[in-house]
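From a predicted model like this one, the values you see are computed outputs, not experimental measurements. We count ligands from 1, going down the list as the structure has it; atoms in each ligand are counted the same way.
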Amino acid sequence: MSLETIYEGVLNGDAKKTEAEVSAALSAHTPPEDVLYKACIPAMEEVGRLFEAGEKFVPEMLISARAMQTAMRLLRPRLTSANIQSLGKVVVGTVAGDLHDIGKNLVAMMLEGSGFEVVDLGTDVTPQKFVDAVKQHAPQVIGMSALLTTTMPSMGATIEALKEAGLREQVKVMIGGAPITQDFADKIGADGFAPDASSASRRAKTLLGAA
Ligand code: B1M
């Protein structure tokens, strides 16, 4: 058992090996944050690099994503803790046209781990679905994730839809995802941007004055 073998399990899309290695690592008291940040996430970054270089293709990205999700299922109970007083409610989702959900799921996990109640709308969430969720769940924050440059505009469209529905003032908007920058967040009028999952939970706290 080592972080290296977990890295290889995710990189090669070997869900069985990943599951066994992550279980062994956790039983051996390896910090779950190390499994995530030193093995799983770097492996997904390498998958992206190889895809860009034409050395991996969509089906291989998909099987790596499945292996990563297997790891996340095991890590989730260790990274989230029950019985903490709720800091507030956050509605999260990956924006319309975008099916990437690993980063969004990690953000949801970290938010839960730091005491937020999370309503996860899944992927391909249209501006109207975010608006409906704000009406239904009355969250303090909505968190949008986008991994494709082509789906980033949906974030601005969602903010506009919130304004049109008269809901913009009652909810903070936080955005993130690999192509997202603070500059883009400022441009579309989002309240916050976070580059990764752990800063997302810190950002949500500062947005609510709970840091
Ligand atoms: Co896709 N894909 N993909 N893909 N994919 C990328 C994003 C890409 C960069 C790969 C590449 O070319 N290097 C590229 C996008 C290029 C671009 O737009 N600039 C790309 C492409 C092109 C595509 C398709 C178009 C490919 C095709 O069909 N030809 C297609 C699009 C499908 C669609 O969405 N409509 C596609 C499909 C897929 C799969 C389905 C095969 C699979 C996704 C499976 C799944 O998610 N269930 C997949 C994968 C796995 C990737 C890569 C390899 C890995 C993404 C990932 O999970 N990273 C990715 C390459 C890369 O990102 N380097 C790639 C790990 C994850 C932990 O990081 O999601 O960045 P990330 O999340 C981070 C931060 O960004 C941040 O915190 C997270 C944790 O630290 N964060 C937030 C994320 N959301 C946040 C929200 C916040 C705050 C922080 O606040 C609310």
message: Restricting to distances shorter than 2.8 Å, give the number of protein N, O or S atoms close to atom 1 (Co) of ligand 1.
response: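 N, O or S atoms of the protein closer than 2.8 Å: 1.
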message: Could you go through Gln140 and Phe116, starting from their C-alpha distance and side-chain angles, then the distance that decides it, and tell me whether this counts as side chain to side chain contact (heavy atoms under 4.5 Å, CB included)?
response: CA-CA 10 Å; Gln140 284 75 37; Phe116 288 95; over 6 Å; no
field: Same cluster (ILVMFWY, side-chain, under 4.5 Å), Leu75 and Met44
entry: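 Yes, it is one cluster - the side chains of Leu75 and Met44 are joined through contacts under 4.5 Å.
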task: Check whether Phe193 and Met152 end up in the same hydrophobic cluster, where Ile, Leu, Val, Met, Phe, Trp and Tyr are linked by side-chain heavy atoms less than 4.5 Å apart.
output: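 In one cluster with Phe193: Met152, yes.
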Quick test of your reading of the structure: of [options], whose heavy atom lies closest to [atom]?
atom                    : options                : answer
atom 17 (C) of ligand 1 : Thr149, Val173, Val90  : Thr149
atom 82 (C) of ligand 1 : Gly177, Ala200, Pro179 : Gly177
atom 78 (C) of ligand 1 : Ala146, Gly103, Ala190 : Gly103
atom 84 (N) of ligand 1 : Pro59, Gly97, Ser145   : Ser145

message: Test side chain to side chain donor-acceptor pair (under 3.5 Å) on Arg203 and Thr206; report intermediate values, then the result.
response: CA-CA 5 Å; Arg203 196 74 189 92; Thr206 53; 2.9 Å; yes
Output the list of atoms in ligand 1 that are nearer than 4.0 Å to some heavy atom of [X], sorted by atom number.
X      : answer
Met174 : 90 (O), 91 (C)
Asp98  : 34 (O)
Ala178 : 70 (O), 75 (O)
Gly143 : 91 (C)
Ile175 : 87 (C), 90 (O)

query: For ligand 1, is there an atom lying under 4.0 Å from some heavy atom of Arg203?
result: no
- prompt: Are Gly192 and ligand 1 in contact, using a heavy-atom cut-off of under 4.0 Å?
  reply: no
message: side chain to side chain donor-acceptor pair (under 3.5 Å) for Gln136 and Asp132? Distances and angles first, verdict last.
response: CA-CA 6 Å; Gln136 187 185 344; Asp132 293 344; over 6 Å; no
Under-4.0 Å salt bridge between [X] and [Y]:
X      : Y      : result
Glu169 : Lys163 : no
Lys16  : Glu19  : no
Asp120 : Lys104 : yes

Return the residue, atom name and 0.1 Å-rounded distance of the protein heavy atom closest to [atom].
atom                    : answer
atom 33 (C) of ligand 1 : Leu99 N, 3.6 Å
atom 79 (C) of ligand 1 : Ala197 N, 3.7 Å
atom 85 (C) of ligand 1 : Gly176 C, 3.4 Å
atom 67 (C) of ligand 1 : Leu106 CD1, 3.5 Å
atom 74 (C) of ligand 1 : Pro195 O, 3.5 Å
atom 40 (C) of ligand 1 : Leu62 CD1, 3.8 Å
atom 54 (C) of ligand 1 : Met44 CE, 3.9 Å
atom 44 (C) of ligand 1 : Ala65 CB, 3.6 Å

Does any N or O atom in [X] lie less than 3.5 angstrom from one in ligand 1, N or O only?
X      : value
Ala194 : no
Asp101 : yes
Glu52  : yes

Would you mind reporting whether [Y] and [X] have side-chain heavy atoms less than 4.5 Å apart?
X      : Y      : answer
Val141 : Leu208 : yes
Asn12  : Ile63  : no
Lys89  : Val119 : yes
Val10  : Ile41  : no

field: atom 24 (C) of ligand 1 touched by protein (heavy atom, under 4.0 Å)
entry: no
- prompt: Can a protein heavy atom be found under 4.0 Å away from atom 10 (C) of ligand 1?
  reply: yes
message: Taking NZ in Lys172 as the centre, count heavy atoms belonging to other residues, nucleotides or ligands within less than 6.0 Å. Is the count above 12?
response: no
message: Other residues, nucleotides and ligands only: do more than 12 of their heavy atoms fall within 6.0 Å of NZ on Lys38?
response: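 No, NZ of Lys38 has 12 or fewer neighbouring heavy atoms, counting only those of other groups under 6.0 Å.
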Heavy-atom pair of closest approach, residues Val35 and Ala25: CG2-CB, 4.2 Å
query: Where on Gln69 is there a heavy atom closer than 4.0 Å to ligand 1, on the side chain, on the backbone, on both, or on neither?
result: side chain
- request: Verify, without hydrogens or angle tests, whether Asp124 (side chain) and Leu99 (backbone) share a donor-acceptor contact under 3.5 angstrom.
  value: no
task: Given side chain to side chain contact (heavy atoms under 4.5 Å, CB included), test Met144 with Thr158 step by step and report yes or no.
output: CA-CA 9 Å; Met144 290 186 271; Thr158 302; 3.6 Å; yes
query: Just checking, any donor-acceptor pair under 3.5 angstrom between side chains of Asp186 and Gln182?
result: yes
